[in-house]
Amino acid sequence: MAAGPGRPRACRAVHRGRADNLGPGRSGDVAGLDASAQLLEVARRRLDGADLRQGDVEALPYADDSFDAVTAFNSVQYASDPVRALREIERVATAGAAVTVTTWGDPERCEARAMLAAIAALLPPPPPGAGGPFALARPGALEALVESAHLSAERAIGVAAPFLYPDVATGVRASLSSGPAQAAVQRVGVDRVRSTVAAVLEQFVQPDASVRLDNVFRVVLARARAGPWERGEVRPGGDGTLVATSGVPAEHRVPAGSRRAGPRRSDRISAVGPCGGRCHRQDRVPGAGGRETV
C-alpha cells in the first residue's frame, strides 16, 4: 500500500481501491498480487480501481521503495524460496515500512488441517524437503525467516480466524477456490474433489446446519530496515566515502574510497548482483565526525 502523507500503522478499511481510516489526513492506494487469474477477477469486482496483478511473490512486479505497508497473507510458506520472497517484499517496501506476514498457526489449533490433508491426499507427493502449509507454524520459525530477509521482526501474535459457512454447499464452493483444490481438480476431476471436501465439512456442521472450522493464524509484525548502514554492512571510510564491511557479499560490495555526492535525504547505495535485484539500500549516510545525517 502506498500511503501519504505519512506512513500508516494499520489499514482499517479498503473501499474502491483505496485504504481509508488510517488516521487524520491519511489514506492510501491499494495494490495486490496473486498467482490466480480467476481470484484476481473476483478481487477486481470488489475493489474497483485497485492495482491488482497476477505474478510471483519471488519476483514482484513493482519498483523499489513502492509501498509504505506490505502484507503477505498465507503465501510465503508456499514459495519455492521463502527467503527470496521476503527479500522481494523488503525491496519494494520503503525504509521503515510496516510489513505483516501471516501463515497457518499451530496445526493442533487449526481445524482446517483436516481439509488440507484430504485435498493433499488427492495430489502427487510433495518434493523432498517441501515444508507444506504448516512449515512455519512452530514458535520462532516465522520470526527467524523474516529476520533472514533483512526485515526486523517486532512481535508475533496469534489471530483466531474461523472459517464460517452458512451450509456445507457454500463451504464446498469456497474450498474449491483454493490453489491446492484447483490442482486436485485438474488431477482427479471436480466431482471427486467436491465429494472429498463435503465429507470433511460434514464433520463440522453446527446445530443450525452452518459449518464452522476454528483456526489460529500466526502473524509476525515487522519493519523494513533502512539499509546496510543500520545493519553494519558499511562504515565511514573518510570524508564522503562509504566502505563495505565483510558482511556484504563480494559481488555487492562498494569499492573502498567510493565517493559520494554528500549527505542528502534518501541517498541510497544500490547493488545489482546475481540475485537479479537490488540487495541493499542506504537511507542514511555518515555526516561529519561519523554522525548519521538524515
Side-chain angles (χ1 to χ4, degrees), residues 1-4 6-11 28-35 51 53 55-103 131 135-136 140-157 218-234 242 244-245 247-249 251-254 265-285 292 294:
M1 178 176 66
R7 296 192 180 111
R9 292 189 59 83
C11 172
D29 295 315
V30 175
L33 180 126
D34 198 275
D51 178 9
R53 309 184 193 183
D56 187 341
V57 69
E58 296 178 50
L60 296 176
Y62 308 109
D64 299 347
D65 304 315
S66 292
F67 301 103
D68 299 284
V70 182
T71 57
F73 295 105
N74 208 26
S75 55
V76 169
Q77 74 269 31
Y78 296 110
S80 58
D81 186 344
V83 174
R84 183 186 178 105
L86 285 168
R87 286 185 176 174
E88 273 290 274
I89 289 174
E90 190 267 348
R91 177 185 65 81
V92 303
T94 58
V99 175
T100 303
V101 184
T102 303
T103 67
L136 299 173
L142 183 56
E143 296 93 315
L145 186 70
V146 165
E147 289 283 347
S148 73
H150 301 158
L151 297 164
S152 296
E154 296 184 341
R155 64 190 179 111
I157 58 175
R218 187 165 182 79
V219 181
V220 167
L221 308 176
R223 291 277 170 187
R225 297 179 185 175
W229 178 255
E230 285 73 8
R231 295 197 295 267
E233 295 172 349
V234 294
L242 290 177
T245 66
V248 180
E251 65 270 22
H252 300 156
R253 290 179 189 167
V254 180
R265 185 172 181 84
S266 297
D267 204 359
R268 291 174 173 85
I269 296 173
S270 297
V272 177
C275 61
R278 194 177 62 175
C279 299
H280 305 292
R281 292 207 305 272
Q282 174 65 34
D283 286 282
R284 297 184 180 182
V285 298
E292 291 182 357
V294 179

Task: Heavy-atom pair with the smallest gap, counting every atom of Ala69 and Ala97 - done: N-CB, 4.4 Å

TODO: Report the distance from atom CZ of Arg218 to atom CD1 of Ile157, rounding to the nearest 0.5 Å.
DONE: 10.0 Å

Task: Non-neighbouring partners of Ser152 that pass side-chain hydrogen bond (donor to acceptor under 3.5 Å, both in side chains), sequence neighbours left out - done: Arg225

Task: Residues in side chain to side chain contact (heavy atoms under 4.5 Å, CB included) contact with Leu145, at least two apart in sequence or another chain - done: Val76, Pro82, Val83, Leu86, Leu136, Ser148

Task: Whether Ser66 side chain and Ala63 backbone form a donor-acceptor pair below 3.5 Å - done: yes

Task: Listed partners of Tyr78 passing ring-ring contact (aromatic ring centres under 6.0 Å, His included), at least two apart - done: none

Task: Heavy-atom pair of closest approach, residues Arg91 and Asp64 - done: NH1-OD1, 2.8 Å

Open item on the list: Using the side chain to side chain contact (heavy atoms under 4.5 Å, CB included) criterion, which residues pair with Thr102? Sequence neighbours excluded.
Closed with: Phe73, Thr100, Phe217, Val219

Open item on the list: Going by side chain to side chain contact (heavy atoms under 4.5 Å, CB included), name the residues that satisfy it together with Ala153, two or more places apart in sequence or in a different chain.
Closed with: Glu143, Val146, Glu147, Val220

Task: By side chain to side chain contact (heavy atoms under 4.5 Å, CB included) - contacts of Ala59 (at least two apart) - done: none

Task: All side-chain hydrogen bond (donor to acceptor under 3.5 Å, both in side chains) counterparts of Thr71, not counting sequence neighbours - done: none

- [ ] Hey, could you give me the CG/CZ distance between Leu60 and Phe67, rounded to the nearest 0.5 Å?
- [x] 8.0 Å

Open item on the list: I'd like to know if Glu90 and Arg87 make a salt bridge, using a cut-off of under 4.0 Å between side-chain N and carboxylate O.
Closed with: no

Open item on the list: For a side-chain contact (heavy atoms from CB on, under 4.5 Å) check, start with the C-alpha distance between Tyr62 and Asp51, then their side-chain angles and the critical distance, and finish with the verdict.
Closed with: CA-CA 11 Å; Tyr62 308 109; Asp51 178 9; 4.1 Å; yes

Task: Test item: Glu58 side-chain N/O and Ala79 main-chain N/O as donor-acceptor pair under 3.5 Å - done: no

Task: Atom pair CG (Leu33) and CZ (Arg53), whose distance is rounded to the nearest 0.5 Å - done: 8.5 Å

